[in-house]
Amino acid sequence: MPSQRDRLRVGAAVVGVVALLAVVGRITGPRAPAPQPAPATATMAALPQRADLPERWVTERLEVGHGGGPLVFGAGSLWVGAWPDREVVRIDPRSNRVTGRFPAGGLDPAGLAVDATTVWVVHRDTDEVVRVDPGTGRVVARIRLDPLPFEFTPGDRRFLPSLVAVGAGAGWVASARGAVARIDAASNRVVAVIRLARQAPAGIAVAGRIVWVAEGGHGVARIDAATNRLLGTIRLDVHADRVATDGGAIWVGGRSTDPSSESAGAVARIDAATGGVREIVPSGLPTGLAAGVGAVWITERDDAAGGALECIAPEVSPSGMTGLPALGELAVGGGAIWAADRLGSSVYRLEPDRFPCSATSVLTGPAVTP
């Protein structure tokens, strides 16, 4: 008996001609691109000669270095955490070129976020947040994270930051030890530290006055940005590994924990204003998740060496494309979907204009300005 996900998905078929089949919302891919020589010293590499790179959607491949970190769209650009190179890479969505490579400001960069004026990078080794000018790459602030207000182990109060998000006039830095620090964006000072009920947060996002923290199998915690108070946790039939927001909805993706589900993964949609869970959609196991307006995009494992991209929106059958490279981190913005190669050093630009939810979810700017 095929699963619900199998009924939604029909694999991409590349047979030398462009094939476009809509089968219960699933879109297949066209023929592979014609062979092209790769330029020796270009920022934008030629598409690899693989039948699983349909040129109808994957229009550019950019080499960014070793990659390995998050993708964030903000301040009109795509930002890539090239953590093995200790760099932040800036990509212009209009020219599809790397326009900047900035030092990440330390030896052990982790989380990445972008607001209207700076790029935020957290560093575990020095317990600090570095703010970088997006135009010049100059470090404009180094913010030391104070010791935790509690002992993690006897005598150990180190913060050890791992994630960062921006919004509500602040930077919100999560520690794997179960705390979130609020940094005032105007003064660059830590003004509050909120203790979480669980350790090892997996994701963080800000929507309006609420900070959302993914806590794995325990659900999603909510912090009131007006009072710096922990409001509680929303339990889900999803292992909350990733969280993203478009301002109106919170999307949480991860392994399905619903024993009745035949799918490996699931994505939950939560109303940002009320905290009510609106729906949980079966999916593949997400390797990346990014929100547009009214929709969410996820990358998934397709097979041992390949990947898939899926779009989920309310009242629209999930649609997607298989036969892609092994994709990981995702970002939405600049009129495109941006996906990192999970096994290499590339970032792909995907043009998903045939997806039912693309008209509202692919923007010329970020979904919400913090």
Side-chain angles (χ1 to χ4, degrees), residues 1-12 22-28 197-198 200-203 205 212-222 232-246 248-272 274-292 294-324 326-330 337 339 342 352 355-357 361:
M1 175 71 68
S3 68
Q4 178 179 356
R5 175 168 182 75
D6 293 333
R7 291 194 295 271
L8 292 173
R9 184 186 295 278
V10 176
V23 181
V24 196
R26 173 60 66 185
I27 301 175
T28 61
R198 308 290 178 181
W212 300 78
V213 185
E215 294 190 308
H218 302 288
V220 185
R222 302 167 69 216
T233 301
I234 299 171
R235 302 302 294 263
L236 301 166
D237 286 334
V238 178
H239 197 276
D241 294 327
R242 297 176 179 276
V243 61
T245 180
D246 62 2
I250 307 299
W251 302 88
V252 181
R255 176 173 51 85
S256 175
T257 57
D258 181 355
S260 67
S261 175
E262 299 178 10
S263 298
V267 175
R269 179 170 64 93
I270 303 172
D271 187 284
T274 66
V277 179
R278 296 306 184 192
E279 62 179 334
I280 295 180
V281 182
S283 72
L285 188 62
T287 57
L289 180 148
V296 71
W297 299 82
I298 62 173
T299 48
E300 309 163 359
R301 294 179 184 269
D302 189 25
D303 53 38
L309 177 73
E310 185 164 10
C311 182
I312 298 171
E315 301 178 2
V316 177
S317 294
S319 61
M321 173 173 51
T322 59
L324 294 172
L327 301 176
E329 298 293 336
L330 273 177
I337 303 298
R342 186 161 38 88
F355 286 78
C357 62
S361 66

A.B. asks: Once salt bridge (charged side-chain N to carboxylate O under 4.0 Å, His left out) is applied, do any residues pair with E215, and if so which ones, sequence neighbours excluded?
C.D. replies: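 Checked E215 against salt bridge (charged side-chain N to carboxylate O under 4.0 Å, His left out); zero matches.
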A.B. asks: Would you name the heavy atoms of V213 and P201 that are closest together and state the gap between them?
C.D. replies: CG1-CB, 3.4 Å
A.B. asks: Does D246 use its side chain to pair, donor to acceptor, with the backbone of G294 at less than 3.5 Å?
C.D. replies: yes
A.B. asks: D258: what forms a side-chain contact (heavy atoms from CB on, under 4.5 Å) with it, not counting sequence neighbours?
C.D. replies: D237, S256, S260, S261
A.B. asks: Are side-chain heavy atoms of E329 and R242 found at a separation under 4.5 Å?
C.D. replies: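 They are in contact (side-chain heavy atoms under 4.5 Å apart), so the answer is yes.
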A.B. asks: Is there a side-chain contact between R269 and P314, using heavy atoms and a 4.5 Å cut-off?
C.D. replies: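 Result yes, sub-4.5 Å side-chain heavy-atom pair found.
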A.B. asks: Among residues at least two apart in sequence or on other chains, which ones pass side-chain contact (heavy atoms from CB on, under 4.5 Å) with R235?
C.D. replies: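 For R235, the residues satisfying side-chain contact (heavy atoms from CB on, under 4.5 Å) (neighbours in sequence not counted) are T233.
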A.B. asks: How long is the gap from CD1 on I298 to CG on L330, to the nearest 0.5 Å?
C.D. replies: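 Going from CD1 on I298 over to CG on L330, the span is 9.0 Å.
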A.B. asks: Identify the two heavy atoms, one from T245 and one from A205, that lie closest to each other, and give their separation to 0.1 Å.
C.D. replies: CG2-CB, 4.1 Å
A.B. asks: Applying side chain to side chain contact (heavy atoms under 4.5 Å, CB included) between V252 and each of I270, D241, L289, I234, report the one that passes.
C.D. replies: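 Output: one option passes, namely I270.
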A.B. asks: Do V243 and I250 have side chains that get closer than 4.5 Å, going by heavy atoms?
C.D. replies: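 Result yes, sub-4.5 Å side-chain heavy-atom pair found.
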A.B. asks: Quick one: closest heavy-atom pair of I280 and A266, and the distance?
C.D. replies: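 In terms of heavy atoms, the two residues are closest at CG2-CB, 3.8 Å.
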A.B. asks: Starting at CH2 of W251, measure out to CD1 of I312 and round the result to the nearest 0.5 Å.
C.D. replies: 7.0 Å
A.B. asks: For A295 versus A313, what's the shortest heavy-atom pair and its separation?
C.D. replies: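 For A295 versus A313, the nearest heavy atoms are CB-CB, 3.9 Å.
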A.B. asks: Side chain to side chain contact (heavy atoms under 4.5 Å, CB included) for V238 and V267? Distances and angles first, verdict last.
C.D. replies: CA-CA 7 Å; V238 178; V267 175; over 6 Å; no
A.B. asks: Would you compute the distance between atom CG of L309 and atom OG of S319 and round it to the nearest 0.5 angstrom?
C.D. replies: 8.5 Å
A.B. asks: Taking all heavy atoms of P318 and all of E310, pick out the closest pair and write down the distance.
C.D. replies: CB-OE2, 3.1 Å
A.B. asks: Looking at every non-hydrogen atom in both residues, tell me the closest pair between A339 and T299 and how far apart they are.
C.D. replies: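 Looking at all heavy atoms of both residues, the closest pair is CB-CG2, 4.5 Å.
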